[in-house]
Amino acid sequence: MKEAYLGIDIGSISTKGVIIDKDNQILASEYIWTEGDPMGAAGKLISALEKQFDKETYQIVATGTTGSARKLVGAMVGATIVKNEITAHAVGTTTLYPEVRTILEIGGQDSKIILVEHGIAVDYAMNTLCAAGTGAFLSSQARRLGVEVEDFGRIALTSKHPTQLAARCTVFAESDLVHKIQMGHTKEDIIAGLCRSVVSNYINNVGKGKKILSPVVFQGGVSKNIGVVEAFRKALGCDIIVDENGHLMGALGIAILAGKANARRTFDFSVEDMAFRTREINCGRCPNNCEIICIYRDDMLIDSWGNRCDKGALKAGIRTGVRTMAKN
Amino acid sequence: MKEKGNTAAVTARTPVIGLPRALLYEREAVMWKAFFSSLGMRGIISAPTNREMLRLGAEAAIDEVCLSTKIYLGHVRSLFGKCDLILVPRVSNYGLHRNMCTKFESLYDLVCNVFRNTGQRFLAYNVDVLGGISEEKAFVDLGMALGFGRKDAVRAFRRAGRAAAEDWHKKISREERLYRTDQIKVLVAGHSYLTEDAYIGRPLFQYLEEMGVVPIRADRVDRKEALRQSVRVSPTIKWEMSRELLGSIQMHKSKVDGLILMSAFPCGPDSMVNEMIIRKFPDIPILNIVMDNQDGTAGLETRLESFTDILKLKRGEL
């Protein structure tokens, strides 16, 4: 039996998974929509991966989760490592592109920049707690313009005079956009302007004060938009690498980290058939009223979080919480 | 004779002073406590910030004031009915280029106005060195306003000043020791009313410590030296507390692995000073965190975890 490692990246929009061997070669990979149900998506992802995976030769000995639902799905699959997506992306990308100096990433809610020296991430920045200039912004503007967001890039490239748009804040951008439409700017110019404003917003906010050196790798859902890629190329004056598997970088990175870490636990594909449930309780033990999330597997509490202090700590393995709920 | 006796009975009951545990409390608490106790007065301090207080404060405030001001109003409100007078200082400046944020100048008026119909009484002292009111004069006036003689007030101020200096010296030497550890060290530059706040700032420190990182407070620094050093980075910066943080960063940048800038939304001075810091110190990894009264800590945890991961990767420890 050879060792294999599973990495799952559960984002707000999509859920990605890979299984790799000791040499970081991808044995199985899958990409599905999260659709507001991270645990359901993880279950689907696991069954899809199981079909591609050769159980006779390999055994999954370590599992990692990353992405915004990493804790939830980590508890569900019994992850040996749970890490944020920035670290996972940095590790994944530097493994595939050891030469990379700058990683740009624009996802559904977050945008970040990671600076790399000699294959090691040395600095990074992330958008403040606001989703301006991210995938969510582009999707909502696409809806307003009556265009599929997938067509954005293609349309943007046809524009000769991209419209100037305020991009600092989504609310301002939106009113500016409406104004420009009413003034008679063409759709392709506005779309190209939007792509450009995403880039200038990124460079001025996330990338401020950072030295962007080539080679540059661009990732995240928005990297699929060739209009934005083109705008980055013009703004930075260098080539932009967009990997076909760019969306898998987080999952790959966390699988590599799981393999490197010492923790070992054989992954059991039967989790996809187990029933998982979450429940929110409000701790009443102090005026903070923390919202505690409890996660149950087959009616047994396996994990909980959200408490600010020990007063709200719950012990895994207890069933009492469920029983009182059953009575209610 | 009878009447005289009555008056004595009334003044014998000294008023209880309420101290809100917010804004200048962390900076001035030792001073205040020593000043009032050497005048023989009693005080009460509001409880550490919790969600309920923040809610009360946000309810009382207009939404344009900063998170820390909202928290302050929550603390003031929590003291109602528990004391006779609530201390709300008005501090404008300590000299040229040594201004306090406008909110400290307006605080007394703001508080009186917000709580105008509550019957609660407030107590102020005014520091405005450019306008000819030194800290000593401010405290002596305060003591005299409370009915004490000038001599007593001066003595109380001097005693309080000594206590505060002694306490500060202890705090700095404790912080200075942290720079010598071999663990990963992060300098946290934020106003003390934010970093020390039980609900907003402390969880950040706890989280860093859980991840094996030593957080060091930039504001706990030799203030005179920090003010001197800050001029080397920016000669024109206006705010006293921003200067202290800036000078501290300049003094300690080579002794730490990374820097976290922590500010409250929407802090005016920080929005300018932190932008400048990010551009002036390109050689040190910087994480810029803006705190608001969001309940979710996920965004914060992701940012802190990834930041410390990067610092660990840099050292080859991950």
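Protein chains get the first letters and strands the later ones, always in sequence-line order, with residue 1 at the start of each. Only this structure's heavy atoms are used, side chains among them; waters, hydrogens and symmetry mates stay out.
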Decide if atom [atom1] of [X] counts as having more than 12 heavy atoms of other residues, nucleotides or ligands within a radius under 6.0 Å.
X        : atom1 : value
B/Glu59  : CD    : yes
B/Arg232 : CZ    : no
A/Asp310 : CG    : no
B/Lys103 : NZ    : yes
A/Lys311 : NZ    : no
A/Arg264 : CZ    : yes

### Side-chain (B/Glu52) to main-chain (A/Pro287) donor-acceptor, under 3.5 angstrom
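Side chain of B/Glu52 to backbone of A/Pro287: no pair is present.
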What is the distance from atom [atom1] of [X] to atom [atom2] of [Y], rounded to the nearest 0.5 Å?
X        : Y        : atom1 : atom2 : result
B/Ile278 : A/Lys210 : CD1   : NZ    : 7.0 Å
A/Cys309 : B/Arg202 : SG    : CZ    : 15.0 Å
B/Met53  : A/Asn288 : CE    : CG    : 10.0 Å
A/Cys286 : B/Arg51  : SG    : CZ    : 9.5 Å
A/Asn84  : B/Thr308 : CG    : OG1   : 7.5 Å
A/Ile86  : B/Arg303 : CD1   : CZ    : 7.0 Å

Which atoms of [X] are under 4.5 Å from chain A, going by heavy atoms: the side chain, the backbone, both sets, or neither?
X        : result
B/Ile310 : both
B/Phe265 : neither
B/Ile286 : backbone

### Region of A/Ala121 that comes under 4.5 Å of a non-hydrogen atom in chain B
both
## Note on the structure
Honestly, the part of A/Lys112 sitting under 4.5 Å from a heavy atom of chain B is neither
### Task
Select, from B/Leu313, B/Ile289, B/Leu311, the one with the greatest count of heavy-atom pairs under 4.5 Å involving chain A.
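Ranked by heavy-atom pairs under 4.5 Å with chain A, first place is B/Leu313.
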### Message
Which one wins on heavy-atom pair count under 4.5 Å against chain B: A/Lys83, A/Lys71, A/Glu85?
### Response
A/Lys83
### Task
Please name the pair of heavy atoms, one in A/Tyr124 and one in B/Phe307, separated by the smallest distance, quoted to 0.1 Å.
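The answer is CE2-CA, 3.5 Å.
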### For the student: nearest non-hydrogen atoms of B/Pro285 and A/Asp123, plus distance
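Smallest interatomic distance, heavy atoms only, reads CA-OD1, 3.6 Å.
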### Query
Does the side-chain contact (heavy atoms from CB on, under 4.5 Å) test come out yes or no for B/Thr302 and A/Arg70, once each step is laid out?
CA-CA 10 Å; B/Thr302 299; A/Arg70 59 185 179 276; 3.0 Å; yes
